[in-house]
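A quick write-up on the structure given underneath.
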Amino acid sequence: MSTTPLRLKELSKKKVLLTGGHRLCSGCGAPIAIRQILLAAEMPIVAANATGCLEVSTTIYPYSAWKIPWIHTAFENAAATISGVEAMYRALKKKGRITERIKFIAFGGDGGTYDIGFQSLSGAMERGHDIVYICYDNEAYMNTGIQRSSATPLGANTTTSPAGSVIPGKMQPRKNLTKIMVAHGIPYVAQTTPAHWRDLMTKVRKALEVDGPAFINILASCNRGWRTPTDRAIQDSKLAVDTCFWPLYEYENGRLTINYKPKEKKPVVEFLKTQGRFKHLFSPQNEYLLERAQEIVDKEWEALLREEAMWKAEEEKKEQ
Amino acid sequence: MKGWRELEIGAITEAGSADSYNTGSWRAFRPRWIEENCIQCLFCWIYCPDSAITVKDGKRGEFDYNHCKGCGICAMECPGKKGKKAIVMEEEGK
Ligand SMILES: Cc1ncc(C[n+]2csc(CCOP(=O)(O)OP(=O)(O)O)c2C)c(N)n1
Ligand code: SF4
Ligand code: SF4
Ligand code: SF4
Ligand SMILES: [Mg+2]
């Protein structure tokens, strides 16, 4: 079977596997990512979905927006569910009862992935299942009304880190889950956004091609939680990348490639200032938090650059 | 709505049944396509969260107003022709 080229004209001839009529908010970033993921796949997909906005709103009884076999799982165990399904597939394949090549994806929000589903994810990755875990990271527990998660960035106003006279929003920086997944030593780990559709789809294809576990972290904006107008999903994702708040990079068998380096790295305030959840940071007494936010971005970005340079130097040395 | 005795066991059995659900009534703003400014880039199609832009044989068609929620992403991302957008948002009911 020939692969569909990653051109919109060609892709648009494929069947859309996530229908309209789902009940995610107007302008939600998650379904943009999911549509692209399913369009990228060139083989049958079976998915498990941890509860969260995506799961709830695409499957309100008696409707489903999914045109693939899809399994609801609890909040904390999408990775366990999908590894069980993958193990069953392997067994049936061995017995000759399935001959088709099928791939397995687990979807989870940041709450379901960084926090409550973390041990299940870590276990599935360590056991080496042939699965792809995709986190759609909207940086808080949105479905239950915008609670902070360990993916929520420093200073964000959420209902459990409320900005006011006591605290200026979330007091802790977010944890770097993508790097934690790299530390699992799995064959493929990547970070992307739906604004960068070609990057996203290339990464999904690589992740599906790998024989073994793969993890993709997708920044998926949420206008309800980020406090933005409904037309900002793509613009804000681009700003996240252009400020290096959310760099596009991948690890193939442990080797880092930065997929996009902004010609001019924008200051992180460009990303923060369009979002109501950061509004309070722009009052004079909170200026130090803007500085800290910039320091965090700079530190992580420079570490990536250094690491990539190191890989390149090492490869050059080998060639000589 | 079905009573519990009529429920199928454990699952929604029809794939993609949400397609028959109308979310067009959510709209406060309605996108309008201006075909003469359209360069057929299909950015609107790849970025629409609601699969509400129809495409046939690789060419953009009309909006699917049964599903479009009026978010305005397509209008925001539309490059249009010579600085003129091929999608504009207009208030519903006006
Ligand atoms: C064990 C358990 N605790 C709490 C909940 C309630 N709950 C449902 S969805 C959700 C938040 C999901 O957050 P996230 O994974 O980030 O997805 P999002 O809704 O932001 O897309 C919570 C707390 C639950 N379903 N199960
Ligand atoms: S609350 Fe946010 S993530 Fe949830 S459906 Fe609405 S926009 Fe999407
Ligand atoms: S306004 Fe939003 S939902 Fe409607 S077609 Fe445009 S992108 Fe899709
Ligand atoms: S984004 Fe604009 S120019 Fe491109 S296909 Fe859609 S309507 Fe036409
Ligand atoms: Mg979330």
Side-chain angles (χ1 to χ4, degrees), chain A residues 6-36 38-39 57-72 194-198 200-201 220-221 223 228-238, chain B residues 1-2 4 6-8 10-31 39-61 63-78 87-89:
Chain A
L6 289 181
R7 284 193 298 271
L8 296 181
K9 199 178 153 74
E10 304 308 319
L11 289 164
S12 74
K13 292 172 186 161
K14 288 188 74 175
K15 214 157 123 190
V16 172
L17 297 172
L18 186 79
T19 70
H22 59 69
R23 254 68 76 75
L24 290 148
C25 300
S26 176
C28 178
I32 310 177
I34 304 302
R35 289 182 72 232
Q36 293 178 4
L38 298 179
L39 273 168
S57 312
T58 54
T59 57
I60 292 180
Y61 188 81
Y63 300 100
S64 167
W66 299 81
K67 288 198 165 180
I68 56 168
W70 180 95
I71 308 159
H72 154 79
H196 307 78
W197 60 269
R198 200 193 301 270
L200 185 150
M201 291 169 120
S221 69
N223 56 63
T228 51
T230 57
D231 59 4
R232 294 286 311 171
I234 303 304
Q235 293 297 307
D236 288 333
S237 308
K238 285 185 179 161
Chain B
M1 191 54 93
K2 288 178 188 168
W4 67 272
E6 291 114 26
L7 297 181
E8 293 89 12
I12 299 170
T13 47
E14 194 193 331
S17 56
D19 200 39
S20 66
Y21 190 84
N22 183 320
T23 48
S25 61
W26 293 19
R27 258 190 330 271
F29 290 88
R30 183 183 180 88
I39 58 165
Q40 292 292 344
C41 64
L42 301 185
F43 288 163
C44 53
W45 170 78
I46 196 73
Y47 290 140
C48 173
D50 290 282
S51 304
I53 286 157
T54 62
V55 177
K56 214 179 155 215
D57 303 326
K59 286 229 153 166
R60 188 203 198 284
F63 287 103
D64 167 5
Y65 289 113
N66 284 332
H67 293 133
C68 166
K69 294 172 185 157
C71 66
I73 289 174
C74 55
M76 175 70 94
E77 301 311 320
C78 174
I87 304 174
V88 289
M89 301 302 292

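Quick caveat: nothing in here was measured; it's all calculated off a predicted structure. So that the names make sense, note that chain A is the first sequence line, chain B the second, and so on, each numbered from 1.
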Relative to chain A, which segment of B:C68 carries a heavy atom at a distance below 4.5 Å: side chain, backbone, both, or neither? neither
To the nearest 0.5 Å, how far apart are OG in A:S237 and CZ in A:R232? 9.5 Å
Name the region of B:W45, side chain, backbone, both or neither, that has any atom closer than 4.5 Å to a heavy atom of chain A. both
Who wins among B:D19, B:I46, B:D64 for the most heavy-atom pairs under 4.5 Å with chain A? B:I46
Is any side-chain heavy atom of A:L11 closer than 4.5 Å to a side-chain heavy atom of A:M201? yes
So which part of B:F29 gets closer than 4.5 Å to some heavy atom of chain A, the side chain, the backbone, both or neither? neither
Which atoms of A:R7 are under 4.5 Å from chain B, going by heavy atoms: the side chain, the backbone, both sets, or neither? neither
Check each atom of A:K238 against the heavy atoms of chain B and say whether the ones under 4.5 Å are side chain, backbone, both or neither. side chain
4.5 Å side-chain heavy-atom contact, A:L38 and A:W66: yes
Okay, A:E10 and chain B: the region with an atom under 4.5 Å from a heavy atom over there is neither
Could you tell me which portion of A:I71 (side chain, backbone, both or neither) has an atom closer than 4.5 angstrom to a non-hydrogen atom of chain B? neither
One option among A:R23, A:Q235, A:H72 has the most heavy-atom pairs under 4.5 Å with chain B, and it is A:R23
Between B:D57 and chain A, with a heavy-atom cut-off of 4.5 Å, which part of the residue counts as in contact: side chain, backbone, both or neither? backbone
So B:M76 and B:M89, do their side chains get closer than 4.5 Å, heavy atoms only? no
Student check: side-chain heavy atoms of B:I53 and B:F63 closer than 4.5 Å: yes
Reported OG-to-CG distance for the pair A:S64 and A:L18, which is rounded to 0.5 angstrom: 8.5 Å
Does a donor on one side chain sit under 3.5 Å from an acceptor on the other, for B:Y65 and B:R27? no
Engaged part of A:K13 at the chain B interface, taking heavy atoms whose separation is under 4.5 Å: side chain
Any chance you could measure A:R198, atom CZ, to A:L200, atom CG, to the nearest 0.5 Å? 12.5 Å
Taken to the nearest 0.5 Å, the spacing of A:S221 OG from A:I234 CD1 works out to 7.0 Å
Among A:A233, A:A30, A:C25, A:S26, which residue forms the greatest number of heavy-atom pairs with chain B at distances under 4.5 Å? A:S26
Counting heavy-atom pairs under 4.5 angstrom with chain B, the leader among A:A33, A:C28, A:G29, A:P31 is A:P31
